[in-house]
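Index from 1, following the sequence.
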Amino acid sequence: MSEPRLRAKELDAADGLAAQRAEFLLDEGGGGSGGEAVYLDGNSLGALPAAVPGRLEDVVRRQWGELRIRSWTEEGWWTAPERIGDRIAPLVGAAAGQIVVGDSTSVNVFKAVVGAVRLARSADTAAGPVGSAGPVRDEIVVDATTFPTDGYIAESAARMTGCTLRPVPPSGVPDALGDRTAAVLLNHVDYRTGRLHDLPALTAAVHAAGAYVVWDLCHSAGALPVGLDEHGVDLAVGCTYKYLNGGPGSPAYLYVRAELQDRFDSPLPGWNSHAEPFGMRPEYAPAPGALRGRVGTPDILSMLALEAALDVWDGGVTIEAVRAKSLALTDFFLECVEAYVPEGRVECLTPRAHGERGSQIALRCPDAGDVMKRLIERGVVGDFRHPDVLRFGFTPLYVGFADVERAARVLADVLAEPGT
Ligand SMILES: *Cc1c(COP(=O)(O)O)cnc(C)c1O
C-alpha cells in the first residue's frame, strides 16, 4: 500500500467525527465505476441527512395531509423561521433571537444591504447636531471578488438608495473606507479560491469608519467558526444548502445584531414581519427583534427539511471539531496531490495558511472543464468553475481521509491521460 493510503487509514482511525457519516445517506457501493462515489461538492449542495426523508414524509402526510391548517399553530409552522434561526445561531457564534430563516440568500443580501445603508443614515441623523446634515454616506463598498449575485444586488441597492457602488478586493477594503461609506458587503470565504477573509479585522475597520458591514457566510457557516456576536458583526446572510445540508433551494437566513434590531428598517416589509400579522392593518408596524427580517409566508416544506437536517449537529458535534477536521482534510488533500500529480500540472489557488483557508481546495488547470467531467465519470464529484478552476469541497461530517486519498489518486490518473 502506498504511503498516502497508509496515512489515510491512520487518520480515519483517529477521526473523532468518523461516526457522523452514518447520519447521511451516501451511496454505498453505488457511484462511479466500482465503489462508492467520493462526494466533494458539499460546498455546492450538501448531502442528504438520514433524518430528512422520514421528517418530510410526516410533514407532508400527517401535518399537511391530516392536520392541514391546524399545523400552523399545532406543529409550529408559524414560528419555524425564528425557531430554526436559533438552531443555526450557535454554529455561527450568535446568541438566540438574532437570526430568521427564509427567502434566498440573494433576497437576504438585498434586505441586509439596503438595511445597512438605512442604519448608516439614521445613525448620522441621530448623532449630528440639530440642523446639520452631517456627512453624507453615499457609498456602498462591495467585495470585487464576490459571488456574482451579491454584486448584482449591491449594484441595484446602490441605485435605489442613491449610492455609488465601489467594488474593491477584500484586502483593499480598509483603504477604501471613509466618512462617505454607508455599507460594506463581503464574502467570508471566496467561492472560487476558497480563501478565508479576516472577518474580525475587516469588521473593526468598517466600524472605525462609522459604516455597517454585511457578511455573506455561504461558504463558511457549518464549516468553520464565524463568531458573529464576538466580532460585533452588524448583519449577515447565508444559505443552508451547502455545509448545512438543508437540501436544494432550502431557505437562507438573515442575522441582525440585537442592538440594531430596533433600527433595522427592512426594504421588504411584509405581513409576516408585522408586529400584529393577523391584525390585518393597512399601516405597517414592524415586529420587534429578528422577526423584522421576515417577509411573506415561509416555504414550510423546505424549511422543515432544513430543520431535520440540522439534527446532525445534535449530540455534541462542535463547529471547532468540524474546523479542525476540515483543515486536516484539506492539508491531506494537498499532500496527496503533491505526492501523485506531476509538479506544474495544476496550480493551487487556495492559501496554504490555515487562517486564510475555508473548507475547499481550488486547483487551476487549463483543461479543468474536461478534467472534472472525467473525474465525475470515475466517481469523484467536485465541480468546475469557469474558466479553469477545479473545486473540491470538504464536508467534515461525511468526508473521510480515504475519500481524500482516492480523489487525489483519481485526479492524478485523469491528468495523466492523453487528451486532457
Ligand atoms: C451559494 C452562494 C449564494 C447563493 O445565493 P442564492 O440566492 O441562494 O442562489 C450567494 N452568495 C454566495 C457567496 C454564495 O456562495
With under 30° as parallel and over 60° as perpendicular, where do the rings of Phe333 and Phe392 fit, or are they tilted in between?
tilted

Do the ring planes of Tyr284 and His274 sit parallel (below 30°), tilted (30 to 60°) or perpendicular (above 60°)?
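Because their plane-to-plane angle is over 60°, the rings of Tyr284 and His274 count as perpendicular.
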
Between [X] and [Y], is there a side-chain N and carboxylate O pair less than 4.0 Å apart?
| X | Y | result |
| --- | --- | --- |
| Arg257 | Asp234 | no |
| Lys373 | Asp367 | no |
| Asp103 | Lys111 | yes |
| Asp403 | Arg21 | yes |
| Asp370 | Arg374 | yes |
| Asp331 | Arg357 | yes |

Look up atom OH in Tyr398 and atom CG in Asn245, then write down how far apart they are to the nearest 0.5 Å.
5.5 Å

Contact summary for Lys325 and Val399, nearest pair of heavy atoms
NZ-O, 2.9 Å

Arg159: which residues meet the side-chain contact (heavy atoms from CB on, under 4.5 Å) condition with it, sequence neighbours left out?
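Result, side-chain contact (heavy atoms from CB on, under 4.5 Å) vs Arg159: Glu155, Ser156.
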
Would you say Asp229 and Tyr255 are linked by a side-chain donor-acceptor pair, where the criterion is simply a distance under 3.5 Å?
yes

Under a 4.5 Å cut-off applied to non-hydrogen side-chain atoms, are Arg87 and Asp311 in contact?
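Yes - at least one pair of side-chain heavy atoms lies under 4.5 Å apart.
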
What's the verdict on side chain to side chain donor-acceptor pair (under 3.5 Å) for Glu405 and Tyr340, showing C-alpha distance, side-chain angles and the deciding distance?
CA-CA 10 Å; Glu405 186 276 337; Tyr340 294 150; 2.5 Å; yes

